[in-house]
Amino acid sequence: MALYVSAGKRFRRVLAIAIAVGAVAFFLGWLIGRQQVPSIDERVSQVQTSADRLATGLERLGIEYEQVLAGSDDLDGGVIVPLDDLRSDLQSTMDRAPWLSSAERASALDAIAGVRQAALDGQTLDQFDEVASAAAATVRSMFGLAVAGA
């Protein structure tokens with residue numbers, strides 16, 4: 001003997017099942033998505049780590065510049081190209097830091113341009129190190145990092 005189930009009742013059952021499956025799928029998707037997206041603190045930390053690495057790279061340019069002054073390395077390959085790479089990396093890092101103002105961005109890029117100009121002008125090692133250290137301090141302070149030696 002077959003039981004008759006009205007079309008309205010079948011529709012309500014199908015609708016209830018569809019809503020339940022949709023809710024479970026949404027909840028599982030939300031849980032999986034939360035596990036894969038880094039938190040804001042993690043993203044800020046990643047940007048700060050990149051900025052600290054860039055500032056350290058600026059400070060290390062003095063070693064290369066010393067070799068250029070000694071004649072064992074060329075200016076372009078030893079200082080200018082790495083400095084241009086650092087500038088490009090800094091721009092990429094600043095793009096991941098939406099909290100930075102355009103004035104801060106310009107200040108950091110100007111500081112790196114100053115280091116480049118100091119190398120091109122053939123300044124003494126002490127003068128170059130001073131400019132490079134100031135640029136590194138600008139980068140660190142801009143990203144909220146402790147400035148070395150402060």
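Because the structure is predicted, anything quoted here is derived from the model rather than measured. Values below: all heavy atoms of this structure, side chains included; hydrogens, waters and symmetry mates excluded.
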Side chain to side chain contact (heavy atoms under 4.5 Å, CB included) between Leu58 and Leu83: does it pass, once the steps are laid out? CA-CA 7 Å; Leu58 282 168; Leu83 190 56; 3.7 Å; yes
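- Shortest non-hydrogen contact noted between Asp74 and Val68 is O-CG2, 3.6 Å.
- Asp73 is not listed as a side-chain neighbour of Glu66, based on a closest heavy-atom distance of 4.5 Å or more.
- Between the side chain of Thr93 and the main chain of Ser50, no donor-acceptor pair closer than 3.5 Å is present.
- Between Ala135 and Ile112 the shortest heavy-atom distance is CB-N, 4.5 Å.
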Kindly determine whether Glu130 and Ser133 satisfy side-chain hydrogen bond (donor to acceptor under 3.5 Å, both in side chains), including the steps that lead there. CA-CA 5 Å; Glu130 185 177 321; Ser133 293; over 6 Å; no
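- Residues Leu75 and Tyr65 have side chains in contact (heavy-atom distance under 4.5 Å, counting atoms from C-beta outward).
- Gln48 places a side-chain N or O within donor-acceptor distance of the main-chain N or O of Phe143, the cut-off being under 3.5 Å.
- Contact between Met142 and Leu100 at its shortest, heavy atoms only, is O-CD2, 3.4 Å.
- Put simply, Phe11 and Ile19 are part of the same group of oily side chains (I, L, V, M, F, W, Y) that touch within less than 4.5 Å, one to the next.
- Counting non-hydrogen atoms of neighbouring residues, nucleotides and ligands closer than 6.0 angstrom, the CZ atom of Arg96 exceeds 12 such neighbours.
- The closest side-chain heavy-atom distance from Asp110 to Thr138 is not below 4.5 Å.
- Taking 4.5 Å as the limit, some side-chain heavy atom of Leu120 sits within range of a side-chain heavy atom of Ile80.
- Remark: Asp52 CG to Ser45 OG distance equals 10.5 Å, nearest 0.5 Å.
- Of the possible polar contacts, one joining the Arg105 side chain to the Met94 backbone as a donor-acceptor pair under 3.5 Å is found.
- The backbone N or O of Leu61 sits nowhere less than 3.5 Å from a side-chain atom of Glu64 that would complete a donor-acceptor pair.
- You'll find the side chain of Phe128 stays beyond 4.5 Å of the side chain of Leu69, heavy atoms only.
- Side-chain atoms of Arg87 and Ser92 include no donor-acceptor pair closer than 3.5 Å.
- Side chains of Gln46 and Thr49: no donor on one and acceptor on the other come within 3.5 Å.
- Using a 4.5 Å heavy-atom cutoff, the side chains of Trp99 and Val47 are in contact.
- Of all the heavy atoms in Gly62 and Leu125, the pair that sits closest is O-CD1, 3.5 Å.
- Nearest heavy atoms, Val79 versus Ala119: CG1-CB, 3.9 Å.
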Show, in sequence, the C-alpha distance, side-chain angles and deciding distance for Arg12 and Ser6, and conclude whether the side-chain hydrogen bond (donor to acceptor under 3.5 Å, both in side chains) test is met. CA-CA 10 Å; Arg12 284 190 295 275; Ser6 69; 5.0 Å; no
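- Residues Leu54 and Leu86 come closest through the heavy atom pair CD2-CD2, 3.6 Å.
- Going from atom CD of Gln127 over to atom CG of Asp121 covers 9.5 Å, rounded to the nearest 0.5 Å.
- Glu104 places a side-chain N or O within 3.5 Å of a backbone atom of Ser101 that can act as its donor or acceptor partner.
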